[in-house]
Protein chains: 2
Amino acid sequence: MNAATKADVYRAIADPTRRAILDRLRAGGAPVNALAADFAQTRPAISKHLRVLKQARLVKEQRIGRERVYRLEPLPLQQVVGWLEGYRAMWQTNLDNLKRHLEKK
Amino acid sequence: MNAATKADVYRAIADPTRRAILDRLRAGGAPVNALAADFAQTRPAISKHLRVLKQARLVKEQRIGRERVYRLEPLPLQQVVGWLEGYRAMWQTNLDNLKRHLEKK
DNA sequence: CCAATAGGTAACCGATCAGTTACCTATGAA
DNA sequence: TTCATAGGTAACTGATCGGTTACCTATTGG
């Protein structure tokens with residue numbers, strides 16, 4: 001797998017557990033074990049998810065003693081927002097069409 | 001794979017070829033062979049991508065004679081927009097912090 | 001009617017996925 | 001100093017991925 005693919009934000013957010021981790025981190029940073037407890041998965045599984053998120057630069061890790069606190073770094077999500085921007089007009093049109101269709105009855 | 005996973009819009013947009021197909025369909029519907037030509041992939045590959053997009057309800061197919069024209073159906077993307085909405089405030093904060101940091105110098 | 005065309009799909013391939021267990025290092029506390 | 005704790009990681013597993021080739025059906029035009 002090449003570096004670009006590894007850092008791909010779309011790949012990072014494709015997994016529901018990773019999205020849940022990001023959602024959880026919105027409430028504040030957390031060490032790995034805390035996350036593992038929250039998500040009823042083993043620590044290595046969470047650790048691997050965090051690695052993917054780190055590669056996509058969606059989290060950063062801060063070492064405090066023997067703990068590693070992971071914090072949300074949401075900026076790369078803007079890439080997705082940017083891509084979706086081009087569709088906003090279209091689904092607005094779709095909704096308008098639906099509305100018009102319903103009103104025509 | 002369960003039905004929910006099959007219809008998952010995040011899974012559907014995780015692949016760059018599928019996102020390119022969606023982008024392409026914004027310019028208007030297209031039959032499978034036209035897409036296969038555009039993306040330098042074999043027809044079955046495109047056909048499978050279209051199936052995934054169809055399961056996620058991101059495209060719909062219209063049969064015209066022996067052609068099947070695929071059209072964009074962007075509404076499910078709103079789910080992603082909705083999820084991202086919760087992060088908008090945060091990266092705004094991040095940008096503000098960066099701005100403040102730069103101005104402090 | 002029949003040859004050409006559009007396109008779905010099964011079977012297969014190598015790569016990647018998400019998860020596990022087992023093991024390792026590093027740090028902190030008694 | 002030594003034991004407990006935090007957490008990374010290698011190796012393995014079964015599932016899924018994206019792509020191919022080969023084959024099938026349905027529709028069209030001459």
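Just so we're on the same page: letters track the sequence lines, and every chain starts at 1.
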A.B. asks: Does a side-chain heavy-atom distance below 4.5 Å link B:Val81 with A:Arg88?
C.D. replies: yes
A.B. asks: Compare side-chain N and O positions of A:Gln41 against OP1 and OP2 of C:dA18 and report whether any pair is under 4.0 Å apart.
C.D. replies: no
A.B. asks: Please give, in whole Å, the distance from C:dT20 P to A:Phe39 CZ?
C.D. replies: 14 Å
A.B. asks: Just compare C:dG19, D:dC23, C:dA22 and give me whichever is closest to any side-chain atom of B:Arg43.
C.D. replies: D:dC23
A.B. asks: Starting from P on C:dC17, measure out to CG on B:Asp15 and report it in whole angstrom.
C.D. replies: 12 Å
A.B. asks: Phosphate oxygens OP1/OP2 of C:dT16: is one of them under 4.0 Å from a side-chain N or O of A:Arg11?
C.D. replies: no
A.B. asks: Take atom CG of A:Leu35 and atom C1' of D:dG8, then tell me their distance rounded to the nearest Å.
C.D. replies: 15 Å
A.B. asks: Looking at the side chain of B:Pro44, which of D:dG7, D:dA22, C:dC17 is the nearest nucleotide?
C.D. replies: D:dA22
A.B. asks: Looking only at heavy atoms, what is the nearest atom pair of B:Ala36 and B:Arg43, with distance?
C.D. replies: CB-CA, 4.0 Å
A.B. asks: Whole-Å distance between D:dG18 C1' and B:Met1 CE?
C.D. replies: 12 Å
A.B. asks: Just how far, in rounded Å, is P of C:dA18 from CD1 of A:Ile46?
C.D. replies: 12 Å
A.B. asks: Could you give me the CA-CA distance, side-chain angles and deciding distance for A:Leu77 and B:Trp83, then say whether side-chain contact (heavy atoms from CB on, under 4.5 Å) is met?
C.D. replies: CA-CA 11 Å; A:Leu77 292 176; B:Trp83 178 68; 4.2 Å; yes
A.B. asks: When you measure from the centre of the six-membered ring of B:Phe39, is the NZ or CZ of B:Arg24 closer than 6.0 Å and no more than 45° off the axis?
C.D. replies: no
A.B. asks: OP1 or OP2 of C:dT20 sitting under 4.0 Å from any side-chain N/O of A:Thr42?
C.D. replies: yes
A.B. asks: Pair up each side-chain donor or acceptor in residues 51-64 of chain A with any protein partner under 3.5 Å, not counting sequence neighbours, and list the distances.
C.D. replies:
| unit_1 | atom_1 | unit_2 | atom_2 | d |
| --- | --- | --- | --- | --- |
| A:Lys54 | NZ | A:Glu61 | OE1 | 2.7 |
| A:Lys60 | NZ | A:Glu73 | OE1 | 3.4 |
| A:Glu61 | OE1 | A:Tyr70 | OH | 2.9 |
| A:Glu61 | OE2 | A:Arg63 | NE | 3.4 |
| A:Glu61 | OE2 | A:Arg68 | NH1 | 3.3 |
| A:Gln62 | OE1 | A:Arg71 | NE | 2.9 |
| A:Gln62 | OE1 | A:Arg71 | NH2 | 3.0 |

A.B. asks: Ignoring backbone atoms, test whether A:Ser47 places a side-chain nitrogen or oxygen under 4.0 Å from the OP1 or OP2 oxygen of D:dG8.
C.D. replies: yes
A.B. asks: Measure OH/A:Tyr10 against P/C:dC17 and give the value in whole Å, please.
C.D. replies: 18 Å
A.B. asks: Given D:dA6, is OP1 or OP2 found less than 4.0 Å from the side-chain N or O atoms of A:Tyr70?
C.D. replies: no
A.B. asks: Round to a whole Å and report the spacing from CZ of A:Arg19 to P of C:dA18.
C.D. replies: 11 Å
A.B. asks: Nearest to the side chain of B:Asn33 - C:dA6, D:dT20, C:dT20?
C.D. replies: C:dA6
A.B. asks: For DNA chain C, find the residues of residues 48-68 of chain A with a heavy-atom distance under 4.0 Å and give them by number; none if there aren't any.
C.D. replies: A:Lys48, A:His49, A:Gly65, A:Arg66
A.B. asks: Going from CD on A:Gln78 to CG on A:Leu84, what distance comes out if it is rounded to the nearest 0.5 angstrom?
C.D. replies: 12.5 Å
A.B. asks: Nearest-Å distance, CD1 (A:Ile21) to P (C:dG19)?
C.D. replies: 9 Å
A.B. asks: Does a side-chain heavy-atom distance below 4.5 Å link A:Asn2 with A:Thr5?
C.D. replies: yes
